[in-house]
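Heads up: the structure comes next, in structure tokens.
For the numbers below, each heavy atom of this structure counts, side chains included, while hydrogens, waters and symmetry mates do not. Each ligand, and each atom within it, is numbered from 1 in the order the structure gives.
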Amino acid sequence: MDITSTEYMYSELGISKEILELGQKTEAELKERFLEFDRTAEYNQLKVIRAMQENRVNEGCFQYASGYGYNDQGRDTLEAVYASAFHTEAALVRPQITCGTHALALALSANLRPGDELLSPAGKPYDTLEEVIGIRPSNGSLAEYGITYRQVELLDNGYFDYPAIEKALNEKTKLVTIQRSKGYQTRPSYSVAEIGELISFIKQRRPDVICMVDNCYGEFVERLEPSDVGADMIVGSLIKNPGGGLAPIGGYIAGKENLIENCACRLTSPGLGREVGASLGVMQSFYQGFFLAPTVVCGALKGAVFAANIYEKLGYPVIPSGREERHDIIQAVTLGSPEGVIAFCKGIQSAAPVDSYVSPEPWAMPGYDSDVIMAAGAFVQGSSIELSADGPIKPPYAVYFQGGLTWAHARFGILKSLQSMVDAGVVNLEKIRSLL
Ligand SMILES: *Cc1c(COP(=O)(O)O)cnc(C)c1O
């Protein structure tokens with residue numbers, strides 16, 4: 001075989017001819033979709049550059065700051081960049097925010113007081129928030145501080161039950177939390193426009209209620225963010241989309257000045273707020289990751305749509321479908337058996353640049369109520385903007401696939417997941433031949 005051919009490299013990496021052909025056929029059908037993703041990335045790239053220029057980002061922003069971090073110019077400028085890019089009054093962007101759950105817990109606990117009620121108008125929130133809120137009793141939950149919680153179930157079609165939301169809003173409701181991405185559920189992820197409609201509905205009835213959006217996995221997927229359509233706070237993780245794969249840790253909250261100030265006073269201390277919190281040398285990766293994020297998200301979207309189309313052809317239920325518009329970078333594939341989920345994840349792992357030789361196993365993870373298998377051979381531990389897949393080992397045995405710092409890697413990972421399912425006897429090679 002010609003060693004300069006791409007086919008040669010795929011065969012060296014263990015991809016069979018049939019699977020490669022299925023990939024090539026699928027990719028050829030997706031040209032238009034991919035072009036649309038490229039155009040969105042171009043728009044968002046310009047948005048980020050403009051935000052950096054407006055705030056006069058300069059080399060001094062990348063310097064190491066230690067100790068209290070008073071006047072940490074890199075940190076303060078970066079927060080202004082996030083606020084500019086997301087069109088908010090302020091932002092808190094810190095390595096001291098340890099993950100997405102922490103950012104969300106911070107935004108909630110900083111802005112709710114005893115006697116207040118939190119409302120989720122779009123059904124159950126992300127698994128780890130159950131303990132934050134106290135839906136599952138937990139040490140330090142909002143429930144322990146006398147903050148009550150109400151949830152409005154989604155309609156059967158996965159969308160908002162407006163009459164029930166109207167009823168659930170009451171004089172105690174202080175904050176409404178809306179999750180953009182589906183998380184570990186098989187409901188749709190919501191578009192920015194749909195989130196905007198929900199926020200308008202709530203604001204018409206209760207203009208004083210704080211509307212917060214869990215923006216995890218949604219950043220830069222569309223041209224607008226929830227903060228452009230009325231969200232008072234948007235919250236996310238830097239080891240997902242906005243970190244661009246380079247941020248080694250961190251979370252952000254962007255929104256109204258008073259709400260962000262509350263968050264800062266809770267993160268550090270009353271009286272100290274945003275003034276302390278040294279950036280400890282991570283600033284260059286935060287800026288550069290934010291700069292790369294629109295392009296990285298574009299590659300991840302191509303991977304998600306590619307996976308949807310391949311697995312749809314093989315007869316597996318996929319959410320979103322291969323043709324649907326995208327509102328986040330997650331692709332759910334319902335494999336229907338523990339063996340399917342495990343083989344898929346082992347395939348993703350074996351495609352990784354890091355830890356490709358290890359075999360992931362289902363395990364009890366903190367914050368989750370069933371065993372979860374996670375595949376990630378990441379440069380940053382647990383980073384899910386890098387190619388990764390995870391699945392709770394419970395019916396309907398769906399796997400949630402996301403990320404890929406480059407489209408070429410996402411593509412390879414998906415082919416490897418299918419190869420692993422074939423090798424494990426979960427998918428029949430004859431089935432693949434019949435699709436060519
Ligand atoms: C990932 C995620 C979280 C939690 O973020 P971690 O960084 O894993 O703590 C919360 N909500 C949604 C929708 C997420 O995807």
Minimum-distance protein heavy atom relative to atom 14 (C) of ligand 1: K240 NZ, 3.0 Å
Which segment of Q179 sits under 4.0 Å of ligand 1 when only heavy atoms are counted: side chain
Y159/Y190 aromatic ring centres below 6.0 Å: yes
Side-chain donor-acceptor pair present, Y252, E219, cut-off under 3.5 Å: yes
Ring-face cation of K240 near Y217 (centre distance under 6.0 Å, axis angle within 45°): yes
Cation-pi check, R205 onto F201 ring (under 6.0 Å, within 45° of axis): yes
I330 and ligand 1 - part of the residue with a heavy-atom distance under 4.0 Å: neither
S359 and K346: side chain donor to acceptor below 3.5 Å: yes
Heavy atom of the protein closest to atom 4 (C) of ligand 1 (residue, atom name, distance): T101 OG1, 3.3 Å
Nearest non-hydrogen protein atom, atom 13 (C) of ligand 1: D214 OD2, 3.4 Å
Atoms in ligand 1 with a heavy atom of Y217 nearer than 4.0 Å: 15 (O)
Backbone or side-chain N or O of G100 under 3.5 Å from ligand 1 N or O: yes
Validation row, ring centre F286 to ring centre F291 under 6.0 Å: no
